Every structure is written in C-alpha cells, then in structure tokens.
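Notes to accompany the following structure.
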Amino acid sequence: MNYRYKFEELQKADLVVDAVYEASPLYKNVGGEPFHVLFPKCGNMGGFRRVNRAGSQKLAYVVLYTTMEELEWPDYLDEETGIFRYYGDNRKAGNDIHNTKAKGNILLKTVFDILSEKSHFEDIPPFFIFRKDGTGRNVKFLGLAAPGNPNISPDKDLVAFWRTLNGDRFQNYEAYFTILDTNEKPITKKWIESLIYDYENNLKYAPECWKRFVKYGRNGITALKSPRIISIPNRYQQLQSDFEGRKCIDIIRTRYSSNPYKFEVCATDLIKKLDSNFVDFSITRPWRDGGRDAIGHYNIQPGGRFNYPLKIDCALEAKCYADSHAVGVREMSRLISRIRYRQFGIMVTTSYVNKQAYKEVVEDGHPILIVTASDIASILRKNSITSGNIDEWLQELNDKRFV
C-alpha cells in the first residue's frame, strides 16, 4: 500500500518508508514545504536540515533532502543493498571543503569520525532521508539511515575528492549511509519529539534497528534490502529515463548513426564505467549484420599484493538502435552462440530487448548481462556525463583510436 499524507495531516503523521508527504497547495514558496510541519523545529532550506536537542548544541536529528536530479552530484539509493550515497554541500569553487553555509560537510566529518572511533555512538544523530517526489514540493521518505555500512571499508565511507568547475578545483565529500530495516513499522512522531525534548529517554520510543546501531555502531547496522523481483521488463521500463538521460542517448545515436561500427568503442567504455573490474577490452572484426564484437575480462582481485587475480572472459556485442528498433531473438541468439565455455556475454543497446529474446535469456539461464537505454542513462548520470559534456567524452573515445 502506498501512503500519501496531505499537508493538513503532517503535524500528526508518522514516517512510513516510501510514503509521500504533500506540500501545501495554498503556498507556492518554502512556506508550503512539508518539512517544517512534519518535523519540529526543522528548516525549509538546503540538503542538510539539522535540529538540536532542547537546551543543547548537540544534534537531535538530521533531515537529508535530495532531488536525485543533479547530474553533477548524483545522490543514489541502491534499494537492493540499502546503501545510500550522498554528496556534501561544498559545491562551488573557492571554498574550503568545510567552509559551507549550512556546515553540512563539518557535520559529515564529525559523524563519521565518531563512527570510526567506535565509541559514543549515541552522539550520532539519526538521519531521515527524503527525496523530491514528482513536481512541486512533495517529498518521499526513503528511510531512517545510519552512517557507514558493514560492507564498506571505514576508509571508504566518507571520501574527500576533487572536482573541477569552470577551470577551478575544489573538494567535496562523498558519503555512504545505510537505510535501516524498521521491519515495516512506522517511525513515530513520539520518537522524533523525544529526540528534541526528552533525549535521555528517546530510546524508549526508537525503532529496534536504531537501538542496535547506538549499541554496536557499524556492526549493529541492519540494512533495509529490497531484492529485485525477476520479471521481464517491458519496452517502457528499458527505455525510460529523465529528460537529460534521453537527450544524452539521442546524442549517442546521432553520433554513431553514420558509422555504427564505432559504437562498440562507446559501449566498452560504458561497461568499464559501470564497473571498473571490467578491463582489457579489444574490438574484434566486424560482422555482416553491421554489429561488432568486443572481448574483455572481468577482473576479481583477492585483495593482497601477490596472489593472481581471477579473470573471467566476456564477449560484448553492441547495437546502436533507435528506440523503435528492438534487439530481437536473432541478435541475442548470435551473441549466445559466440560465448565459449566459462565466458559470459554482454549486450549493450541504445534501445531495448524484445520480450521473446529477453524471456529466453532469463528462462534458459544464459549468462548474459543486458544493458539497455535506461541503464546507459544511469551509467552516464553516475559518472557525471551530461548533455553539456557528452560530446567531449565521445570525442575522447574517438581520439583514443580503438578502431
């Protein structure tokens, strides 16, 4: 069941994962935002919205808000693992990484320092994660989050990295949180209020998953995981993306429309951007159908300095098609026939795979990774490739002269 709470209901509303909290239809400015009604003492501006405990400078809780639409700062939730990636608030050149108006990056550093010190976890505030929902100021609750993740190394869950903007360099944080498993129970207004006004007793009302985190830190994190239900995605699902994603896909189609042979170079780079463990791709000879194979490896490192990695061979075929031209049984069967023993295949297309071809791959258990237009748009987004710089990226591929 999908919950929706109208603006007039927010003052008493609990927090339910994936519920939508509506803005006021009477106000078009920030006064109509849901946060200041849903959360006591919460502000109306910015990605970091912190609230202190009553009579203290210590944090009661933090609301993290993201549109998930900023291509340069691709916040992202992996529903299957519960891992949430969030970027800090130093997004303009000329500032020190911690010298931001909302002091969001100082907050991130403080919280992750406590996590690394493995003590006083009670000083880490709960994070309530929201994203923009559709048009207007409606928001969707993604879940209660804790910093870090048991499967992410402590030196990788908060990383300062350099970014270049208009020729100027500056640093920002990339932070990883985990959405906690609340066992489908709502987060009560009573707990939220106690975090401010009765902090000493707040754990009486806290979800069990938060109590475990406060007690054990990183080792007490229980992620909310949503395993993907295996089904055959339809044409719309394989093609869907936002306006910026569609624009980038159209640029790629136009770029290679007169020479589809060169799309394989683009496709191999997309796969390497998808997962850096894909290495050593080489383009093979062209085929009569206008397609072309690439051969590469998936490289699994044991983690030490001396033992050899495991390299799994893979064969890639790429199809630069219009969105009305599906990859069919014939193209998929050809890729399957070219996979040798202990290999897997990758089909990359700017279009989609028709139902029959997709069904045969899934039901017969063929080791094929299918990457369609919606996946390509997602890969570009996560690698900060936009319609403003995609031509530069494509030209760099051409200059490398793989073909």
Side-chain angles (χ1 to χ4, degrees), residues 78-80 226-257 259-275 278 281 283-284 286-296 298 312-340 343-383 385 390:
D78 185 339
E79 290 90 352
E80 291 190 78
S226 303
R228 186 175 299 174
I229 298 174
I230 297 177
S231 61
I232 307 303
N234 59 33
R235 176 178 180 269
Y236 170 77
Q237 290 169 326
Q238 296 182 61
L239 292 174
Q240 68 168 321
S241 64
D242 57 17
F243 175 79
E244 181 69 18
R246 292 193 298 272
K247 191 172 181 180
C248 288
I249 297 295
D250 285 340
I251 291 172
I252 291 174
R253 291 188 186 120
T254 301
R255 178 85 174 207
Y256 296 110
S257 61
N259 193 344
Y261 296 125
K262 290 188 176 182
F263 176 59
E264 284 72 14
V265 178
C266 174
T268 58
D269 198 65
L270 284 168
I271 293 301
K272 288 189 286 187
K273 283 179 166 51
L274 169 68
D275 189 331
F278 282 106
F281 277 102
I283 305 300
T284 60
W287 296 84
R288 293 178 182 177
D289 64 5
R292 213 175 185 186
D293 280 339
I295 302 297
Y298 190 80
I312 305 173
D313 292 341
C314 57
L316 179 147
E317 187 161 337
K319 298 295 180 186
C320 188
Y321 287 166
D323 60 11
S324 58
H325 186 171
V327 172
V329 172
R330 182 172 61 90
E331 296 101 320
M332 193 64 74
S333 297
R334 184 176 49 253
L335 174 59
I336 292 170
S337 70
R338 293 173 185 167
I339 299 173
R340 300 193 302 272
Q343 279 191 339
F344 66 95
I346 308 171
M347 173 63 76
V348 182
T349 177
T350 54
S351 184
Y352 68 104
V353 176
N354 73 20
K355 183 176 181 179
Q356 185 59 36
Y358 213 123
K359 186 175 180 181
E360 290 184 9
V361 169
V362 173
E363 294 186 351
D364 294 342
H366 294 297
I368 303 291
L369 175 65
I370 296 175
V371 179
T372 65
S374 63
D375 303 307
I376 292 174
S378 177
I379 293 168
L380 295 174
R381 183 189 189 96
K382 291 175 187 176
N383 285 273
I385 296 175
I390 190 170

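Just so it is clear, the model here is predicted, and its values are computed rather than measured.
Side-chain atoms of Ile295 and Asp313, non-hydrogen and from C-beta on, never get closer than 4.5 Å to each other. Side-chain contact between Val348 and Thr268 is absent, with no heavy-atom pair separated by less than 4.5 Å. Using a 4.5 Å cut-off on side-chain heavy atoms (C-beta onward), Phe344 and Ile339 make no contact. Residues Phe281 and Leu316 meet the side-chain proximity criterion, which asks for heavy atoms closer than 4.5 Å. Taking 4.5 Å as the limit, some side-chain heavy atom of Ser378 sits within range of a side-chain heavy atom of Lys382. A heavy-atom distance below 4.5 Å is found between the side chains of Phe278 and Ile346. By the 4.5 Å heavy-atom criterion applied to side chains, Tyr352 and Pro233 are not counted as neighbours.
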Which atom pairs, one a donor and one an acceptor, fall under 3.5 Å between side chains of residues 360-368 and the rest of the protein, sequence neighbours left out?
from: Glu360; atom 1: OE2; to: Gln356; atom 2: NE2; distance (Å): 3.1

Check residues 322-329 and write down every donor-acceptor pair under 3.5 Å in which the side-chain atom is one partner and the other belongs to a residue at least two apart or another chain.
none

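What you find for Thr349 and Ile376 is that their closest heavy atoms are O-CD1, 3.4 Å. Shortest non-hydrogen contact noted between Gln343 and Ala315 is OE1-CB, 4.4 Å. Of all non-hydrogen atoms in Ile232 and Gln237, the two that sit nearest each other are O-OE1, 4.4 Å.
Using a 3.5 Å distance cut-off with no hydrogens or angles, the side chains of Glu264 and Tyr256 do not pair a donor with an acceptor. For the residue pair Tyr298 and Asp275, a side-chain donor N or O sits within less than 3.5 Å of a side-chain acceptor on the partner.
In summary, Asp250 and Arg253 engage in a salt bridge, as defined by a charged side-chain N under 4.0 Å from a carboxylate O. Residues Glu317 and Arg334 are paired through a salt bridge, judged by an N-O separation under 4.0 Å between the basic side chain and the carboxylate.
The CZ atom of Arg246 sits 9.5 Å away from the CD atom of Gln240 when rounded to the nearest 0.5 Å.
Other residues, nucleotides and ligands contribute over 12 non-hydrogen atoms within 6.0 Å of the NZ atom of Lys273.
Residues forming a side-chain contact (heavy atoms from CB on, under 4.5 Å) with Leu274 (at least two apart in sequence, or on another chain): Ile271, Leu369, Ile379.
With hydrogens and angles disregarded, a donor-acceptor distance shorter than 3.5 Å links the side chain of Asp375 to the backbone of Thr372. Put simply, the side chain of Ser241 never gets that close to the backbone of Ala377: no donor and acceptor are under 3.5 Å apart. A donor-acceptor pair is defined here as one N or O able to donate and one able to accept, closer than 3.5 Å; no such pair exists between the side chain of Asn383 and the backbone of Ile385.
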